[in-house]
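Structure record follows, encoded as structure tokens.
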Amino acid sequence: MADTQEFHYRLPRRVGGQRPGSHPGSSLGAGQEFVSHMRLYDRPDPRRLDLRASLRNPGGDWLVRTHRQRAGIVVHAVIDVSASMSFGGERSKIHVAADFVEALGVSAFRLGDALGMSAFDAVERTDLFFPAMLNRGIGSVMAAALRSCASDANGVAGLELALEHLAGKQGLIFLVSDFHWPLVHLGEALDLLSHAYVVPVIVWDPAEMEPPAANGFANLRDAESGRQRTLWLRPKLRQEWREAVAARRAEIESLLAARAIRPFYAHGCFDGEAMSRYFFEATA
Amino acid sequence: MNFSIDFAQPWVLLLLPLALLPLLHRRRDALQFSSLNWLPADRPGRVIGILWRFSAMLAILATVLALAGPGRPETQVMRSGRGAEILLLMDRSRSMDLRMLPPDWRTLDPVIMTQQAWSRGPQKSQVARQLLAKFVAQRTDDRFALMFFSAAPMLVVPFTQHDEIVQAGITAGGVGRGLSETDVGAALLAAIGAFDQRAYSGSRIILLVSDGGAQLDAETRQRIQAGLLRNRIGLYWLYLRSINSPNLEAADASEAIPEIALHRFFQRLPTPYRAYQADEPEDLAKAVAEVGRQQNFPLDYAERIPRFDFSRYCLAVAAFACLMLLLYQAKQLRSWS
């Protein structure tokens with residue numbers, strides 16, 4: 001992709017971690033955010049000696065200003081590469097996911113965050129696993145790996161395996177999928193990731209969301225199961241199609257809302273501006 | 001009647017498993033979609049999906065069946081009726097194209113009678129054909145065969161009860177002009193031969209319609225006599241008499257005249273023989289009616305029912321199934337964009 005849709009993100013909550021970065025942290029260190037005064041003996045940092053506060057102090061101790069340090073975090077992208085992701089009218093959904101990962105690589109490097117990636121279909125795709133690292137071009141490498149990956153595997157059984165080494169860790173996790181699988185798995189996945197800030201990136205293709213305009217018959221094959229079915233496209237079916245899409249969206253959103261998570265939609269392409277807006281809204 | 005079915009090319013049935021091909025869900029036939037569970041349930045669509053696969057199977061099945069050539073095998077049916085087996089042996093020589101005597105010939109001046117007879121009366125063969133057609137039409141129970149002869153005999157219609165074929169054969173006798181030769185002996189032998197190899201099931205008649213006779217040699221006479229006796233055939237001669245033809249009934253006529261010689265030979269036969277001398281069209285009609293009265297006996301015979309081919313129905317079914325497939329293809333969505 002010629003121009004990467006770089007975006008800005010900020011964790012809306014404090015994270016621990018000693019590595020300086022740009023997210024609100026919980027550890028003390030060099031930063032703009034004043035926390036309290038401490039005795040010089042407790043925190044031997046004479047650079048931050050506060051003379052005015054020390055004079056006012058009835059105890060007579062030297063006081064040192066302490067600040068909160070902004071933290072760098074680990075960003076992880078978990079990508080669904082099952083067969084249904086290879087579907088797409090103009091661009092396949094896996095390509096949209098790759099675009100997103102590429103943009104994420106640039107954005108994470110700008111903010112000084114480490115970026116890792118894991119992928120899953122019926123199994124955890126270890127060939128697409130990247131441990132978290134601070135590297136300028138890692139996003140492009142991940143995107144290239146995604147674009148060239150082929151999968152006709154069926155199912156979502158690898159999701160939990162892929163999430164196992166992220167479980168219980170803080171950080172930012174993008175869960176990129178089309179969520180064409182039973183939502184029970186999503187609930188279990190979110191339980192594993194309860195310490196992290198999870199952003200579900202829902203990749204849907206316009207051809208999935210909007211039925212074809214022409215009347216006629218469509219002999220369809222399920223990308224995952226290979227099952228075939230014939231549809232008679234007619235106004236009534238189009239209406240039902242749109243209703244089914246809306247129902248699915250409502251189902252996903254209600255499940256996520258119960259965990260105070262808002263999904264991000266990528267319909268046919270990834271829009272960096274929209275992702276920036278998503279985080280501004282979340283942090284505001 | 002049995003309803004058994006046979007096949008002209010049974011080995012083609014080996015191709016029947018090809019009809020299972022549409023059941024293989026090939027990737028190429030279908031448009032890929034990410035998740036079918038996502039889509040609304042569509043009962044008519046499901047039915048159409050089953051129907052088009054069924055049509056495809058039916059098209060292959062019916063085509064293979066048609067290639068195998070199914071049919072009801074040839075059978076024989078015993079029929080019984082009243083009447084006789086009548087072979088119409090008709091003279092097709094050129095003299096039959098001449099005219100009969102006009103109805104008022106007895107009142108004409110003998111001087112001009114020849115002239116009148118050449119120009120006025122109806123054509124002999126035409127009258128004979130009309131009467132024979134009527135005769136056949138009246139006698140629905142009889143089985144007829146039709147043979148023309150002039151220089152050589154020609155069997156036009158073998159024995160059948162389907163009168164329309166006989167009628168068509170009689171009508172066909174009017175096409176063109178006759179030949180000059182008349183070989184009565186060979187014609188009679190061929191007519192007798194037509195009865196060979198046939199089970200005797202009722203009275204048999206050869207109805208010879210002719211306007212002239214012939215001198216038969218001794219050997220031919222011998223064979224005719226033996227044949228008539230062997231096949232038990234009655235002989236009727238409709239003698240179409242025109243001007244200058246000899247009178248068969250004349251007692252003093254010489255055997256040098258071919259007609260008289262033939263008549264005398266027939267009379268000497270041990271088998272039934274009757275001659276009807278027709279001077280005018282009315283006489284001919286009377287003679288035909290008399291033959292009709294004479295022969296009315298019960299008759300059993302086997303009728304051959306030809307093999308009936310079903311492949312055209314199979315092809316019609318296949319064509320219909322293909323039409324359905326074409327309609328489906330015409331309305332099929334090819335791509336998402």
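Letters A, B, ... are given to chains in the order of the sequence lines, protein chains preceding strands, and every chain is numbered from 1. What you see is a predicted model, and the numbers here were worked out from it, not measured in a lab.
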**Item:** Spatial distance of atom CG (B/N37) from atom CG (A/D222) [nearest 0.5 Å]
**Value:** 6.5 Å

**Item:** Heavy atoms of other groups near A/E251 CD, more than 12 under 6.0 Å
**Value:** yes

**Item:** Closest contact, heavy atoms only, B/P44 versus A/W232
**Value:** CB-CE3, 3.6 Å

**Request:** With a 4.5 angstrom heavy-atom cut-off, could you sort out which part of B/R334 is near chain A: side chain, backbone, both or neither?
**Result:** neither

**Request:** Could you point out which residue of A/K236, A/R234, A/R229 forms a salt bridge (Lys or Arg N to Asp or Glu O under 4.0 Å) with B/D42?
**Result:** A/R234

**Message:** Please check this pair: side chain of A/N219 against backbone of B/G49, looking for a donor-acceptor N/O pair closer than 3.5 Å.
**Reply:** no

**Prompt:** Closest heavy-atom contact between B/L333 and A/P212?
**Reply:** CD2-CG, 3.6 Å

**Prompt:** Which class fits the ring pair A/W204 and B/W38: parallel under 30°, tilted 30 to 60°, perpendicular over 60°?
**Reply:** perpendicular

**Fill in**
Minimal heavy-atom distance between B/P40 and A/L231, with the atoms involved, is O-CD2, 4.4 Å

**Request:** Search all heavy atoms of B/S34 against all heavy atoms of A/E224 and return the closest pair with its distance.
**Result:** O-CG, 4.3 Å

**Prompt:** Would you call B/L39 and A/E208 a side-chain contact if the rule is heavy atoms closer than 4.5 Å?
**Reply:** no

**Item:** Beyond-backbone contact of A/R221 with B/F33, side-chain heavy atoms, under 4.5 angstrom
**Value:** no

**Item:** Separation between OG1 of A/T230 and CZ of B/R53, rounded to the nearest 0.5 Å
**Value:** 6.5 Å

**Request:** Please name the pair of heavy atoms, one in A/Q228 and one in B/L36, separated by the smallest distance, quoted to 0.1 Å.
**Result:** C-CD1, 4.4 Å

**Asked** What is the distance from atom CD of B/Q332 to atom CZ of A/F217, rounded to the nearest 0.5 Å?
**Response** 9.5 Å

